[in-house]
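This report concerns only the one structure given below.
Lettering follows sequence order; numbering is per chain, from 1.
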Amino acid sequence: RAHSSTEQDCCTTLVAASGSSTILPPFSVHRPAGTLRQLFRVSSSTFISTQLATFPTYPAFCAGASMDSRLANTWRLTVNEKKFIETALASDLRIDGRKPLEYRKLTINFGREDGSADVQLGHTHVMGFVSSQLVQPYRERPNEGTMSIFTEFSPMADPSFELGRPGESAIELGRIIDRGLRESRAVDMESLCVLAGKLVWAIRIDLHILDNGGNLVDAANVAALAALLTFRRPECSLGGENGQEVVVHPPEAKDPLPLIVHHLPIAVTFGFFSTEYTMVVDPTHSEEAVMGGRMTVTVNASGDICAIQKAGGVGVPQSEIMRCLRLASDKAESITKNIKDAVEAFNTERMLRKIKRHSTAVAANVSIENDVKGQKDKLAGQRVNESSMSQMERLKLKPDESSISQNDGLGSETRSSDQISSQRAEGNAPLFLGGPSSWDPHTHGVDPDFLKASLAAQGKSNPKAEQSSEDSDDDVAMQEKDASEDVKPPSLATDSSETVEEQKTSIVKKTLKDAVKPKNRRRKKTRS
Amino acid sequence: MEFVNPEGLRLDGRRPMEMRQLRAEIGAVARADGSAVFEMGNTKVIAAVYGPREVQNKSQQSNDQALVRCEYTMANFSTGDRKRKPKGDRRSTEISLVIRQTMEACILTHLMPRSQIDIYVQVLQADGGTRSACINAATLALADAGIPMRDLVTSCSSGYLNSTPLLDLNYLEDSAGGPDVTVGFLPKLDRVTLLQMDAKLPVDIVENVMQLAIEGCKAIATYIREVLLENTKQLEYRRGL
């Protein structure tokens with residue numbers, strides 16, 4: 001009875017909880033810090049410290065278990081923790097402060113390469129990679145590409161994961177995601193055919209679990225989808241006699257192509273508990289240890305159910321299942337939007353990076369003694385690229401005077417590049433080519449009056465003596481640029497528009513210092 | 001390809017809501033504590049249960065409940081082409097996991113702590129619906145072994161082809177690329193334990209197809225009860241009661 005009365009206290013204190021900034025779990029000082037953090041995340045909490053008369057000590061189950069390394073690493077919840085989680089759920093409270101039907105925060109990041117995604121769902125961290133290879137197709141499907149999913153449950157994610165062969169849960173996760181993508185025909189397989197019956201593209205999705213905070217299926221599914229959406233496969237064409245030879249073009253020659261993805265199947269996992277009709281969405285690691293059964297519903301934004309996996313576990317009435325299906329459709333919409341926004345942002349950044357890459361190639365040449373011809377070619381290439389890029393950007397921007405200055409900018413940069421080559425021939429330090437351009441949507445350019453004032457304030461400094469220091473300055477600036485990616489496009493962009501402004505204000509004599517100094521000043525501005 | 005012809009008959013002459021012929025036999029493996037053979041049309045499955053017995057791997061022993069293990073294999077000769085690896089491939093591992101968790105939910109494991117129950121299921125003939133047949137066979141074998149359970153677990157599959165919900169798909173209908181729903185049901189408690197679905201379907205149609213599969217499960221449950229009753233009568237007769 002004493003125990004039940006303390007339980008009662010526990011319940012009432014939970015229900016009557018008011019906000020407090022610290023969480024004191026009802027048990028355990030002896031618990032190691034890692035699991036403590038896992039169990040009770042400090043959030044805008046609704047729990048206050050409860051006063052339970054008896055605190056169970058940390059169960060020394062390790063002593064009881066045998067020498068098997070597997071079991072010694074298994075983390076088991078104590079009975080008290082289980083009861084706490086279940087009792088809290090009875091009052092619709094979860095231990096991390098969420099409501100039962102609330103999803104955790106989903107963050108999607110991308111790597112530098114195409115086809116790599118990094119997803120964080122609360123504490124769960126999963127990375128997805130997509131790669132492709134030309135292989136022979138299956139005999140039964142001669143004109144379809146293949147797709148395979150490999151999962152790696154890294155031992156750093158959870159002490160119970162082992163190296164080597166994937167365990168049961170790893171295989172189950174792989175098959176759930178595979179079913180969601182393959183059977184629902186999310187990725188178009190027929191477009192991956194190169195030579196029917198001989199060569200097709202095989203897409204390989206690798207999922208690495210880096211941190212197990214619960215609900216690996218959902219996070220891994222999002223990682224796979226994000227990676228598939230940003231993946232680009234090399235373009236290939238048929239050549240040779242009778243068109244039987246396949247030539248794979250490298251990415252520098254021809255732009256790689258994205259995969260055709262018809263729809264996005266999103267996995268939503270539910271956890272069922274042994275107490276009647278208790279259901280949570282997106283269970284955390286400790287909830288997974290307590291729950292009696294789970295169900296993963298893979299649904300796309302149009303409301304089609306792509307896959308359901310409820311592999312045993314506690315029995316659930318049919319009405320509950322239908323309720324879960326409808327809930328899943330709602331969740332899927334918001335998650336799809338999340339993924340699409342992230343992919344959109346990545347694609348924009350990718351395009352900007354392509355532009356920036358060519359500009360820096362030219363700028364780097366500025367401070368290094370190089371072959372004139374090589375530089376001319378690069379400049380020509382840059383000119384072409386910039387014109388094409390600027391055309392693309394022009395479509396995005398509102399038509400205003402920026403487009404006019406853009407034209408001027410192109411023309412002036414052509415002029416300045418000619419100047420560079422001529423100067424290079426003379427052996428002088430060439431003009432720095434780069435600066436804010438009005439085609440970059442993220443910068444506002446430099447105020448021309450301010451620029452005039454700064455240039456006038458410089459006065460006539462000794463060009464020769466300063467050019468050497470400028471060169472090093474430029475180098476440093478270049479390195480700084482390489483280091484900070486975000487600042488790069490705006491700074492470069494601002495640089496080029498600055499040279500544009502300079503040209504417009506028709507300052508004849510330009511030294512390297514003129515080009516460099518405003519850039520540094522601007523960097524300070526952006527930094528502050 | 002037409003899976004339901006205009007008269008409403010399927011490829012093997014059944015009606016859309018008609019199940020294949022069921023046949024069950026208890027006690028096929030004499031050495032095991034409980035065993036059963038279950039046939040659904042051309043799909044034939046044999047299950048053997050050993051337990052409760054001492055835990056072989058002491059490290060996995062649980063102090064408060066029995067350990068349930070399950071192994072699903074397909075015989076080399078079970079399908080049309082000879083299979084290369086009968087067990088250890090991903091599909092078999094997943095189905096073993098699914099069957100184990102389904103049976104674990106309904107076995108009263110807390111009555112048999114520190115012990116182990118092994119369920120071995122082997123597919124002798126595969127013609128669609130092997131998962132369901134395995135679960136039904138496992139239920140019979142567990143009942144034959146006298147292991148206490150909450151309820152019988154019955155399982156049936158259903159699909160949706162040519163805009164008609166179909167009950168109990170065979171291999172041709174299964175490999176047609178349409179949706180395939182497998183349901184594991186507890187008839188007395190009216191609960192769904194196992195639910196697996198693949199391919200795309202709108203939510204309302206999922207409800208219909210799932211309802212059809214549940215009806216199929218209830219029908220199988222009545223059949224299994226009859227078989228068990230018959231078996232008990234036979235045992236009584238042999239005992240001379």
Side-chain angles (χ1 to χ4, degrees), chain A residues 61 64-72 74 79 140 165-176 178-180 182-186 262-263 265 274 292-295 297-300 302-318 320-322 324-326 328-329, chain B residues 57-64 68 70 88-106 135 150-151 153 155 175 177-186 188-207 209-211 213-214:
Chain A
F61 67 83
S66 87
M67 307 312 127
D68 192 64
S69 59
R70 255 182 303 152
L71 202 62
T74 310
V79 172
E140 307 87 49
R165 282 186 60 97
E168 277 183 336
S169 45
I171 292 181
E172 192 191 359
L173 186 143
R175 282 187 65 89
I176 294 175
D178 186 74
R179 262 206 290 268
R182 190 194 303 274
E183 306 287 337
S184 63
R185 308 206 202 293
H262 296 300
H263 63 101
S274 13
R294 59 151 75 218
M295 179 165 84
V297 181
T298 311
V299 63
N300 68 10
S302 358
D304 295 326
I305 312 282
C306 302
I308 306 179
Q309 171 89 348
K310 183 190 188 303
V314 75
V316 168
Q318 195 194 351
E320 267 300 287
I321 293 194
M322 294 316 299
C324 289
L325 293 184
R326 292 184 215 284
S329 315
Chain B
N57 194 354
K58 283 284 192 300
S59 63
Q60 292 175 328
Q61 193 173 332
S62 170
N63 282 340
D64 54 350
V68 178
C70 175
D89 65 318
R90 286 156 170 248
R91 181 175 169 270
S92 302
T93 317
E94 197 213 344
I95 299 182
S96 305
L97 171 81
V98 162
I99 297 178
R100 186 194 64 175
Q101 284 181 211
T102 311
M103 307 319 294
E104 204 170 13
C106 78
I135 291 177
R150 289 199 174 87
D151 197 352
V153 189
S155 167
S175 47
D180 171 25
V181 177
T182 307
V183 171
F185 193 63
L186 299 170
K188 270 267 167 58
L189 298 174
D190 197 24
R191 297 263 188 273
V192 176
T193 43
L194 167 70
L195 178 58
Q196 282 188 306
M197 194 199 102
D198 54 14
K200 250 190 332 169
L201 261 192
V203 186
D204 334 308
I205 303 185
V206 171
E207 189 168 4
V209 175
M210 195 164 68
Q211 186 57 41
I214 290 176

Looking only at heavy atoms and a cut-off of under 4.5 Å, which of A:Ala186, A:Gly315, A:Gly180, A:Ser302 has the most pairs with chain B? A:Gly315

Do NZ/NE/NH1/NH2 and the carboxylate oxygens of B:Arg191 and A:Glu320 come within less than 4.0 Å? no

Does B:Leu195 form a side-chain contact (heavy atoms from CB on, under 4.5 Å) with A:Val316? I'd like the steps, not just the answer. CA-CA 10 Å; B:Leu195 178 58; A:Val316 168; over 6 Å; no

So which of B:Ile205, B:Thr102, B:Leu194 has the biggest tally of heavy-atom pairs under 4.5 Å with chain A? B:Leu194

Quick one: does B:Gln211's side chain get under 4.5 Å of A:Gln318's, heavy atoms only? yes

Using heavy-atom distances under 4.5 Å, tell me whether A:Ser329 contacts chain B through its side chain, its backbone, both, or neither. side chain

Is it the side chain or the backbone of B:Asp198 that comes within 4.5 Å of chain A heavy atoms, both, or neither? both

Partner chain B: residue of A:Pro265, A:Gly303, A:Ala328 with the largest heavy-atom pair count (under 4.5 Å): A:Gly303

Contact origin within B:Leu189 toward chain A - heavy atom pairs under 4.5 Å: neither

Chain B heavy atoms under 4.5 Å from A:Arg185: which part of the residue, side chain, backbone, both or neither? side chain

With chain B, which of A:Arg175, A:His263, A:Glu172 has the greatest number of heavy-atom pairs at distances under 4.5 Å? A:Arg175

Smallest heavy-atom separation, A:Ala311 atom then B:Val98 atom, equals CB-CG2, 3.7 Å

Taking C-beta and beyond as the side chain, do A:Gln309 and B:Glu94 meet within less than 4.5 Å on heavy atoms? yes

Max heavy-atom pairs within cutoff under 4.5 Å with chain B, candidates A:Ile305, A:Val314, A:Ile171, goes to A:Ile305

Can you find a pair of side-chain heavy atoms, one from B:Met197 and one from A:Arg179, that are under 4.5 Å apart? no

Note, B:Lys200 side chain near A:Asn300 side chain (heavy atom, < 4.5 Å): yes

Nearest heavy-atom pair of A:Gly313 and B:Ala105: which atoms, and what distance? O-CB, 3.1 Å

Between B:Thr193 and A:Lys310 the two heavy atoms that sit nearest each other are O-NZ, 2.9 Å

Part of B:Ile99 within contact of chain A (heavy atom distance under 4.5 Å): neither

Among the options A:Ser169, A:Gly174, A:Cys306, A:Ala307, pick out the one with the most heavy-atom pairs lying under 4.5 Å from chain B. A:Cys306

Testing the basics here: between A:Met322 and B:Val203, what is the closest heavy-atom pair and its distance to 0.1 Å? CE-O, 4.0 Å

Residue among B:Glu104, B:Arg150, B:Arg100, B:Arg91 with most heavy-atom pairs under 4.5 Å to chain A: B:Arg91

